[in-house]
Number of protein chains: 2
Amino acid sequence: MNHHDPDEILKSASLKVTEQRRVILRFLLNNHGPFTVEEMKELMSEGSFDLATLYRSMATFEEAGLVEKRLFGDGLVRWEYHAHSLCGHNHHTHHHHLMCQSCKTITTLDICLPPEFFKMIEAYNYTQLKHHLEFSGICPECQKKEVP
Amino acid sequence: MNHHDPDEILKSASLKVTEQRRVILRFLLNNHGPFTVEEMKELMSEGSFDLATLYRSMATFEEAGLVEKRLFGDGLVRWEYHAHSLCGHNHHTHHHHLMCQSCKTITTLDICLPPEFFKMIEAYNYTQLKHHLEFSGICPECQKKEVP
DNA sequence: CTTGCTGCAAAGGGTTTGCATACTA
DNA sequence: TAGTATGCAAACCCTTTGCAGCAAG
């Protein structure tokens, strides 16, 4: 299958192909993010979107493993496309981020937890295991601004 | 100073000592958590608390470094007491958690990221660096329940 | 006595839901 | 055609805020 074609991705996830889902998924495939639902609505030039549709699509996509939720502690949920492992290593592979608390700039970190971590946690016999790992702080640019 | 006395902790953080803050802090010192604001209101037997006071206290305590915010991706913010490093290693030392998405049981994991992680991130020159790391899944008990 | 905290109530903002309509398979 | 997704608007829930009264230092 073509891992860049929204239609094929939706079909292989057993989801109905609708114009809205196609556009949303294409947006996430072409833009790294992560994005808030509000940002997605703003940035998607194609078509018009009801926020409820965005929220419902994100919930559906998350359940299908197509997107991942990102939390930075500022009260907003951010989403990004999550390629399946079979897609090989690209910029959609599992990773984490560093966000500036002031200007909200998000830097992608090509790291994840070491295997020992997961082995240790497997001992608890939890299924559907997920982890949230994100960093935040004040970026060099905003550090300068803060000095009056 | 006595690291178990709410009054002394508040004073050394340059915060005014009020009855509400005393009770909230004592609760967090005696109970590991993390707790949502709602849970804290329910569980604190002493006195009555307005939710606004709880929210404001948590914001104040966080700024003073007395508490840490915990995110598990279910849309709720949870708080727990955060001892300063000078307190030595106890159950309030920095750590992370594993939460069951179904029954919300929270297990404390006495782990944190390996030093290499932080070194790598220091290269970005961010100040006030924080990280959120939490695990979630379905616990063995709830796995049984799910079979109808 | 001055500054700052608390309680109450109202407002705010993000997210979810009910329902009629439109569309996919 | 049956079942599902969408749009719209209202409802929800957690959180924040304005303001008057009260308490701490």
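Chain letters run A, B, ... following the sequence lines, proteins first and then strands; every chain starts at 1.
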*Asks:* Between P on D:dC14 and NZ on B:Lys41, what's the gap in Å once rounded to a whole number?
*Replies:*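 Rounding to the nearest Å, NZ of B:Lys41 and P of D:dC14 are 13 Å apart.
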
*Asks:* If you measure only the distance, is there a donor-acceptor pair under 3.5 Å linking the side chains of A:Gln20 and A:Thr53?
*Replies:*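 No.
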
*Asks:* To the nearest Å, how far apart are A:Met58 CE and C:dT16 P?
*Replies:* 12 Å

*Asks:* Between P on D:dA23 and CD on B:Gln20, what's the gap in Å once rounded to a whole number?
*Replies:* 10 Å

*Asks:* Counting side-chain heavy atoms from CB outward, which of D:dA5, C:dG7, D:dG25 is closest to B:Asp50?
*Replies:*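 My answer, after comparing the listed nucleotides, is C:dG7.
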
*Asks:* Please tell me which of A:Ala52 and A:Thr60 maps to the more 5' nucleotide of DNA chain D, matching each residue to the nucleotide holding its nearest heavy atom.
*Replies:*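 Taking each residue's closest nucleotide, the earlier one in sequence belongs to A:Thr60.
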
*Asks:* Whole angstrom is fine here: how far is it from OH in B:Tyr55 over to P in D:dC13?
*Replies:*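 It is 13 Å, rounded to the nearest whole Å.
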
*Asks:* Evaluate the ring planes of A:His131 and A:Phe118, with Trp represented by its six-membered ring, and classify them as parallel (under 30°), tilted (30 to 60°) or perpendicular (over 60°).
*Replies:*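 A:His131 vs A:Phe118 ring planes: perpendicular.
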
*Asks:* Should the pair B:Phe27 and B:Phe35 be assigned to parallel (<30°), tilted (30 to 60°) or perpendicular (>60°) ring geometry?
*Replies:*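 Tilted: the ring planes of B:Phe27 and B:Phe35 meet at 30° to 60°.
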
*Asks:* Would you say the rings of B:His82 and B:His95 are close, in the sense that their centroids are separated by under 6.0 Å?
*Replies:*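 Distance test on ring centres: not under 6.0 Å, no.
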
*Asks:* Taking the nucleotide of DNA chain D with the closest heavy atom to each, which residue, B:Leu51 or B:Arg22, is nearer the 5' end?
*Replies:*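 Nearest nucleotide further toward 5': that of B:Leu51.
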
*Asks:* Indicate, with a heavy-atom threshold strictly under 4.0 Å, whether A:Arg21 touches base, sugar-phosphate, or nothing.
*Replies:*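 Sugar-phosphate, backbone atoms only, no base.
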
*Asks:* Over how many whole Å does the gap from A:Leu25 atom CG to D:dA5 atom C1' extend?
*Replies:*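 Distance, rounded to whole Å: 16 Å.
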
*Asks:* Remember a base hit wins even if backbone is also touched, and classify A:Val77 as base, sugar-phosphate or nothing at under 4.0 Å, heavy atoms.
*Replies:*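 Answer is sugar-phosphate: A:Val77 comes under 4.0 Å of backbone atoms only.
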
*Asks:* Check if the side chain of B:Arg56 and the base of C:dG4 share a donor-acceptor pair of N or O atoms closer than 3.5 Å.
*Replies:* no

*Asks:* Round to a whole Å and report the spacing from CD of A:Glu63 to P of D:dA5.
*Replies:* 11 Å

